[in-house]
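Data block below; observations after.
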Amino acid sequence: MGTRAVLALGANLGDREATLRGAALELAAHPRITLVRASPIVRSRPVGGPAGQGDYLNAVVEVETELSPFGLLRACQEVEERHHRTRTQRWGPRTLDVDIVVYGDLRLDEPDLTVPHLRAGTRAFVLVPWALMDPGATLEGRSVAELARRAEDLGGLGPDTIPLLPEDPAPGGDGD
Ligand SMILES: Nc1ncnc2c1ncn2[C@@H]1O[C@H](COP(=O)(O)OP(=O)(O)OP(=O)(O)O)[C@@H](O)[C@H]1O
Ligand SMILES: Nc1nc2c(c(=O)[nH]1)N=C(CO)CN2
């Protein structure tokens, strides 16, 4: 029995939809990661960072994994790396971010890994798709849907959504 974890995906460069879909499928293809369910994609204005960046597409996925927290971080970074490689462009804004939002009930504060993710509880671009995927979800005992309502908004974008996966897994997710 693995651990349930929630991962946040974000992209604001290139073919953002294709990047998010590719990332979800690559995570699902990992031998020690099972994709349980996925949120729809939401659009949001960039939070922080330099001015003039394009809008983001964000989504979250729930996975079950036998990887350790650092093993899962590494798997996320491998997926990021694959999408950061742009042969024609110099280093620029990233095409893909994959963050660990929660890993079971674990609390960890290491130099390279903090879970739950430090800023997840205030980021609408994480909380809104998470609540859409799992209306009953909690983050450190608090309702994710409630946190999503209290977070800063998506910058005037959304709530129109785009499916992340061609065919969403059945509600509840554990159809095996
Ligand atoms: N929960 C986490 N998920 C992913 N990376 C994390 C986490 N906690 C700490 N990190 C560390 O953060 C680093 C990634 O920083 P990065 O430059 O991607 O931050 P960012 O995505 O720009 O900002 P933010 O952390 O606010 O999302 C990684 O090297 C990783 O070691
Ligand atoms: N809307 C939005 N803003 C961001 C995002 C993101 O994924 N979506 N990621 C960031 C760095 O992780 C910084 N700002």
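Each ligand, and each atom within it, is numbered from 1 in the order the structure gives. In this text the structure is predicted, and so the values were computed from the model without any measurement.
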Test: side chain to side chain donor-acceptor pair (under 3.5 Å). Region: residues 121-135. Which pairs qualify, not counting sequence neighbours? Arg37-Asp134
Could you check atom 13 (C) of ligand 2 against the protein and tell me its nearest heavy-atom contact, residue, atom and distance included? Val47 O, 3.3 Å
Dump all N/O pairs between ligand 1 and the protein below 3.5 Å as a table: atom names plus distance, one pair per row.
residue, atom, partner, partner atom, Å
ligand 1, 1 (N), Ile100, O, 2.8
ligand 1, 1 (N), Thr114, O, 2.9
ligand 1, 3 (N), Ile100, N, 3.0
ligand 1, 8 (N), Thr114, N, 3.0
ligand 1, 10 (N), Asp112, O, 3.3
ligand 1, 17 (O), Arg94, NH2, 2.7
ligand 1, 18 (O), Arg94, NH1, 3.2
ligand 1, 18 (O), Arg94, NH2, 3.2
ligand 1, 18 (O), Asp97, OD1, 3.4
ligand 1, 21 (O), Asp97, OD1, 3.4
ligand 1, 25 (O), His117, NE2, 3.4
ligand 1, 25 (O), Arg119, NH2, 2.9
ligand 1, 26 (O), Arg119, NE, 2.8
ligand 1, 26 (O), Arg119, NH2, 3.0
ligand 1, 26 (O), Arg123, NH2, 2.6
ligand 1, 27 (O), Asp99, OD2, 3.0
ligand 1, 27 (O), Arg123, NH1, 3.2
ligand 1, 31 (O), Asp112, O, 2.5

Residues which pass side-chain hydrogen bond (donor to acceptor under 3.5 Å, both in side chains) with Arg149, listed by chain and number, not counting sequence neighbours: Glu146
Do Leu7 and Phe70 belong together in a cluster built from hydrophobic side chains that touch within less than 4.5 Å? yes
For Pro46, the atoms of ligand 2 under 4.0 Å from one of its heavy atoms are 1 (N), 3 (N)
Proximity flag Gly48 to ligand 2, non-hydrogen atoms under 4.0 Å: no
Using distance alone, with no hydrogens and no angle criterion, decide if His30 and Glu78 have a side-chain donor and acceptor under 3.5 Å apart. no
Mind running side chain to side chain contact (heavy atoms under 4.5 Å, CB included) on Leu20 and Leu96 for me, showing each step along the way? CA-CA 8 Å; Leu20 294 185; Leu96 176 67; 4.0 Å; yes
In sequence, state the C-alpha distance, the side-chain angles, and the governing distance for Val47 and Phe125, and then conclude on side chain to side chain contact (heavy atoms under 4.5 Å, CB included). CA-CA 9 Å; Val47 174; Phe125 62 81; 3.9 Å; yes
Tell me whether Leu118 shares a hydrophobic cluster with Leu147, the cluster being built from Ile, Leu, Val, Met, Phe, Trp, Tyr side chains joined at under 4.5 Å. no
For Ser44, is at least one N or O under 3.5 Å away from an N or O on ligand 2? yes
Protein heavy-atom partner closest to atom 12 (O) of ligand 2 - residue, atom, separation in Å: Asp97 OD2, 3.6 Å
Would Leu72 and Ile33 count as a side chain to side chain contact (heavy atoms under 4.5 Å, CB included) if you check the C-alpha gap in whole Å, the side-chain angles of each, and the deciding distance to 0.1 Å? CA-CA 8 Å; Leu72 183 60; Ile33 296 175; 3.8 Å; yes
Tell me, please, which residues at least two apart from Arg32 pass side-chain hydrogen bond (donor to acceptor under 3.5 Å, both in side chains). none
Nearest 0.5 Å please: distance from the CG atom of Asp97 over to the OG1 atom of Thr19. 12.0 Å
Protein contact of atom 10 (C) of ligand 2 - nearest heavy atom, named by residue and atom, plus distance: Tyr56 OH, 3.9 Å
Give me the residue, atom name and distance of the protein heavy atom closest to atom 8 (N) of ligand 2. Asn58 OD1, 2.9 Å
Can you sort out which atoms of ligand 2 are near Arg45, meaning under 4.0 Å from one of its heavy atoms? 1 (N), 2 (C)
